[in-house]
Amino acid sequence: PFPYQAYTGIINGEVENTVCPYDEGFRGYIYDALRTIAACHPDHIMVDDDFRLMNRQADGCGCPLHLSAVEKRLGKRMERAALYSILCDKTHKENGAYVNAYVDTVKESLLESARAMRAGIDAVDKRLKGIFCLCGASTEFASDIAVIKISKTSIFAITPTTNIIAHAPI
């Protein structure tokens, strides 16, 4: 069995073999993994571009963890299908509030995972460089993720055209 909360498509409720970044157990795992890699003292660590939720076939995660976070922001219980319906209905009187609440949960889950990754590296060597590889503009909150991973080291966010979108010197 899959040991972590699986990404569940907001559109269709289909479960994928991908981890939801809200899962605290997964954050612990990724912290340990990055700490282990950092302990090998590489020159840098590169994180691949699949660090995203909304630019997937199902347009975002609608797992119980994301739904719970949306519910806390809105103050009301939400089923995945009902939430998705409101997110798509620009004429719904509360569409903006729902969109903002949902997007905030996506951002929070990704940024918290990025923080866990950087903390794993920093537990070994705060000077260790990070590289965050991107596929064009397909990674939501890329600059926020890059800033977290900058910490006090140098990080590059690189697109396929080799445009550097974030850089901070040591």
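Computed from a prediction, not measured in an experiment: that's the story for all the values here. We number each residue from 1, following the sequence as shown.
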[X] side-chain N/O to [Y] backbone N/O, donor-acceptor pair under 3.5 Å:
X	Y	value
N100	G96	yes
E71	M78	yes
S109	T105	yes

Applying salt bridge (Lys or Arg N to Asp or Glu O under 4.0 Å), which residue pairs with at least one partner in residues 85-94 are found, sequence neighbours left out?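 Of all non-adjacent pairs touching residues 85-94, those that pass salt bridge (Lys or Arg N to Asp or Glu O under 4.0 Å) are K76-E94.
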How would you list all residue pairs meeting salt bridge (Lys or Arg N to Asp or Glu O under 4.0 Å) that involve residues 23-34, not counting sequence neighbours?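 Output for this query lists D32-R35.
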Any side-chain heavy atom of [X] sitting closer than 4.5 Å to one from [Y]?
X	Y	value
K126	I121	no
T8	E14	no
R73	D104	yes
L87	Y102	yes

Atom [atom1] in [X], atom [atom2] in [Y]: separation rounded to 0.5 Å?
X	Y	atom1	atom2	result
C20	Y7	SG	OH	9.5 Å
R80	C63	CZ	SG	11.5 Å
Y98	I86	OH	CD1	4.0 Å
I45	L128	CD1	CG	4.5 Å

Please evaluate residues K129 and D43 with respect to the criterion side chain to side chain contact (heavy atoms under 4.5 Å, CB included), reporting the C-alpha separation (whole Å), side-chain torsions for both, the decisive distance (0.1 Å), and the verdict. CA-CA 7 Å; K129 297 178 185 114; D43 179 59; 4.2 Å; yes
Can R118 and D122 be counted as an ion pair, charged N to O under 4.0 angstrom?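 Salt bridge between R118 and D122, a charged N being under 4.0 Å from a carboxylate O: yes.
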Which atom pair, heavy atoms only, marks the closest approach of [X] to [Y]?
X	Y	result
L110	P21	CD2-CG, 4.0 Å
I30	A116	CG2-CB, 4.2 Å
Y31	A123	OH-CB, 3.3 Å

Once ring-ring contact (aromatic ring centres under 6.0 Å, His included) is applied, do any residues pair with F26, and if so which ones, sequence neighbours excluded?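 With sequence neighbours excluded, F26 shows a ring-ring contact (aromatic ring centres under 6.0 Å, His included) to Y4, given in chain and number order.
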Given the rule that I, L, V, M, F, W and Y join up when any side-chain heavy atoms are under 4.5 Å apart, are I11 and V103 in one cluster?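 Hydrophobic grouping puts I11 with V103.
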Is a donor from one side chain sitting under 3.5 angstrom from an acceptor on the other, for E108 and Y22?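 Yes - a donor-acceptor pair under 3.5 Å links their side chains.
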